[in-house]
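Here the structure comes first, spelled out in structure tokens, and everything after it is commentary.
Just so we're on the same page: letters track the sequence lines, and every chain starts at 1.
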Amino acid sequence: MNMAVLIPLCIVYIGIMSGLAYYGYKKTTTKQDYLVGGRNINPVVMALSYGATFISTSALVGFGGAGSIFGMGLLWLAFLNIALGIFVAFAIFGTRIRKLSLKLDVSTFPSLLGKRFDSKFITVFAGAMIFIFMPAYTSIVLIGGGRFLQESLSLNFNVALFVLAAIVALYVISGGIKAVMYTDAFGAVIMLVGMMVFLVVTYNAVGGIVDGHAALSAMKNMVPDSLAAGGHQGWTSMPVLGSPLWWTLVSTIIMGVGIGVLAQPQLAMRCMTVKDDRALYRSVLIGGIFIFFMTGAAFMIGPLSNVYFMETSNQLAITAAGGNSDLVIPKFINEVMPGWFIYLFTLTLMSAAISTVSSLIHLQASAFGEDIMRTLGIGKDGKTMTRIGVLVGVTAAIILAYILPGGVIARATAFWFGICAAGFLPTLMGALFWKGATKAGAIASIVTGFAVSIFGFLFMHVSESGVFGLSKALFGKDALFAFPWTHIDPLFYALPLSAIVFVAVSVLDKSKSVSGDVEQEAIAK
Amino acid sequence: MLGMESASIAIVWLLTVLSAVGCVVYGAMMWNKGGH
């Protein structure tokens with residue numbers, strides 16, 4: 001890449017982002033503005049911001065690389081991302097989340113659950129879970145962005161990490177959610193253009209849709225032995241039912257990330273930022289297109305890169321990338337895309353990193369200032385505490401990036417999505433759809449969901465328990481139980497258990513709260 | 001089908017494309033519904 005082009009381009013990009021953040025700052029006067037954008041954010045901005053927060057650098061580069069290994073079966077996740085992550089999240093969950101948050105006069109996800117069940121414990125516990133476990137997820141996104149800046153701009157990694165963190169902290173402290181969402185939306189437009197071009201050029205390079213797929217199908221006898229032993233049957237087939245690869249694909253990638261998205265606080269709270277249901281319906285249109293060109297395109301491009309590398313250099317994509325799946329997409333871009341695209345993709349990845357980190361930091365800060373401190377009566381208005389929360393969140397993410405081993409950081413996304421789904425999803429669904437849900441049921445479900453999923457990640461699911469090392473230290477082995485438990489994502493059993501506990505305790509609970517009836521009527525209209 | 005080895009992969013490829021199209025159609029149909 002030519003630095004004489006790239007550096008001015010980056011300066012212009014940062015200039016536009018800073019201008020948007022400043023615009024957000026000028027438009028932010030009240031606490032409502034800072035936390036939920038005054039509940040009057042444009043639906044296009046909301047949908048783009050939701051999408052850009054959803055998709056980080058790891059989703060574009062990591063998912064594409066994973067696709068080059070696993071094949072097109074990963075498209076089940078892309079389908080779930082659009083069907084659940086956009087349509088259900090906006091049109092079914094989002095409309096009720098918006099009305100309930102308005103009725104209860106709350107501006108954060110933990111407060112929504114806590115006030116719905118009249119429980120300060122839920123607000124503080126949910127806020128604490130976010131504040132304790134999210135920095136690891138933030139730091140993986142920060143590291144992804146930092147590594148990328150290091151490679152593309154030849155910056156020192158430490159400098160890249162601090163520059164990225166400082167930019168984000170400045171945006172979030174000054175302009176709150178408005179600065180976050182305006183800069184997200186600008187980044188999302190760049191991401192959308194970049195991935196659209198990438199998908200079209202890829203299909204063109206492999207001979208079109210049907211011919212490209214047929215060429216990939218014809219490669220099924222080239223599956224490496226190690227993958228074939230795990231159940232791989234080619235890039236246009238699913239792995240053997242029940243094989244280790246099948247369990248990994250279905251339980252972690254498809255279910256974990258596919259369902260986990262519905263209970264992500266930083267995504268669910270986006271629905272509180274628009275003024276009416278119409279805005280949410282409009283967001284479905286933009287969101288569907290955006291996510292298709294992100295995860296959908298990544299899972300089409302990754303597998304198809306094998307066809308290109310086989311035709312041009314007689315090797316698989318993963319071999320061409322030197323065995324590192326994260327390098328498949330950068331390598332493929334260098335080979336197949338025109339020179340100018342590399343600059344566009346640089347900004348695409350930078351946007352993906354900044355948009356996700358800024359939203360995570362905003363969520364952590366509001367969990368600290370609004371959900372924990374204000375609920376406990378420390379700090380009157382929550383605004384100052386929230387801004388202190390930004391600094392604490394950014395600092396924690398940077399420290400974790402340096403002190404946690406690489407293996408632990410790499411599993412942070414699956415860990416976070418898994419515990420959120422198990423801990424929050426049954427209670428969120430109960431809050432929105434079931435008037436018989438009770439405070440005791442919600443508390444029991446949240447505690448069960450978090451406890452069981454965290455136990456599973458620490459002691460049963462070998463890809464996390466192996467790197468955390470706690471199981472080995474206490475019991476002398478990486479995981480307590482044999483296959484298939486070692487390959488089943490904890491979400492798979494923690495979520496049903498959390499849901500069963502929620503229903504059972506609510507049904508058996510004699511001290512039924514009547515508030516549910518009133519709220520259900522208000523949000524079901 | 002669609003050049004895929006297994007029908008389930010062809011189906012999920014189509015589902016992915018159609019779900020995005022479905023979002024566009026739904027958003028367009030509901031464009032003026034649910035206002036204040």
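Of the possible polar contacts, none joining the A:Thr236 side chain to the B:Met4 backbone as a donor-acceptor pair under 3.5 Å is found. Judged by distance alone, the side chain of B:Ser19 and the main-chain N or O of A:Ile82 form no donor-acceptor pair under 3.5 Å.
Between B:Ala20 and A:Gly288, the shortest heavy-atom contact is CB-O, 3.9 Å. Scanning all heavy atoms of the two residues, the minimum distance from B:Gly34 to A:Tyr281 falls at CA-CE1, 4.2 Å. Between A:Met238 and B:Ser8, the shortest heavy-atom contact is CG-OG, 3.9 Å. Of all the heavy atoms in A:Ser217 and B:Gly3, the pair that sits closest is OG-O, 2.6 Å.
For the options A:Phe292, A:Phe90, A:Phe290, heavy-atom pairs under 4.5 Å to chain B are most numerous at A:Phe292. Highest contact tally toward chain B, considering only A:Ser237, A:Ala78, A:Gly287, is held by A:Ser237 [criterion: heavy-atom pairs under 4.5 Å]. Counting heavy-atom pairs closer than 4.5 Å to chain A, the top-ranked of the candidates B:Ala28, B:Ala10, B:Gly27, B:Cys23 is B:Cys23.
In terms of the ring pair (Phe, Tyr, Trp, His ring centres under 6.0 Å) criterion, residue partners of A:His232 (sequence neighbours excluded) are, by chain and number, A:Trp235.
Looking at B:Thr16 and A:Phe299, their side chains never come closer than 4.5 Å, going by heavy atoms from C-beta outward.
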**Request:** For the pair A:Val284 and B:Met30, evaluate side-chain contact (heavy atoms from CB on, under 4.5 Å) and give the outcome as yes or no after the intermediate values.
**Result:** CA-CA 10 Å; A:Val284 170; B:Met30 302 290 279; over 6 Å; no
**Request:** Tell me, with the steps shown, if B:Val12 and A:Met72 meet side-chain contact (heavy atoms from CB on, under 4.5 Å).
**Result:** CA-CA 9 Å; B:Val12 75; A:Met72 295 263 189; 5.9 Å; no
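Other residues, nucleotides and ligands contribute more than 12 heavy atoms inside 6.0 Å of the CG atom of A:Asn221. Atom CE of B:Met29 has 12 or fewer heavy atoms from other residues, nucleotides or ligands within 6.0 Å.
Remark: A:Arg282 qualifies as a cation-pi partner of B:Trp31 under the 6.0 Å distance and 45° angle criteria applied to the six-membered ring.
With rounding to the nearest 0.5 angstrom, the CG atom of A:Leu74 is 9.0 Å from the CD1 atom of B:Ile9.
When heavy atoms are compared at a cutoff of 4.5 Å, B:Val17 approaches chain A by way of both its backbone and its side chain. Contact annotation for A:Ile86: only side-chain heavy atoms (C-beta onward) come within less than 4.5 Å of a heavy atom of chain B.
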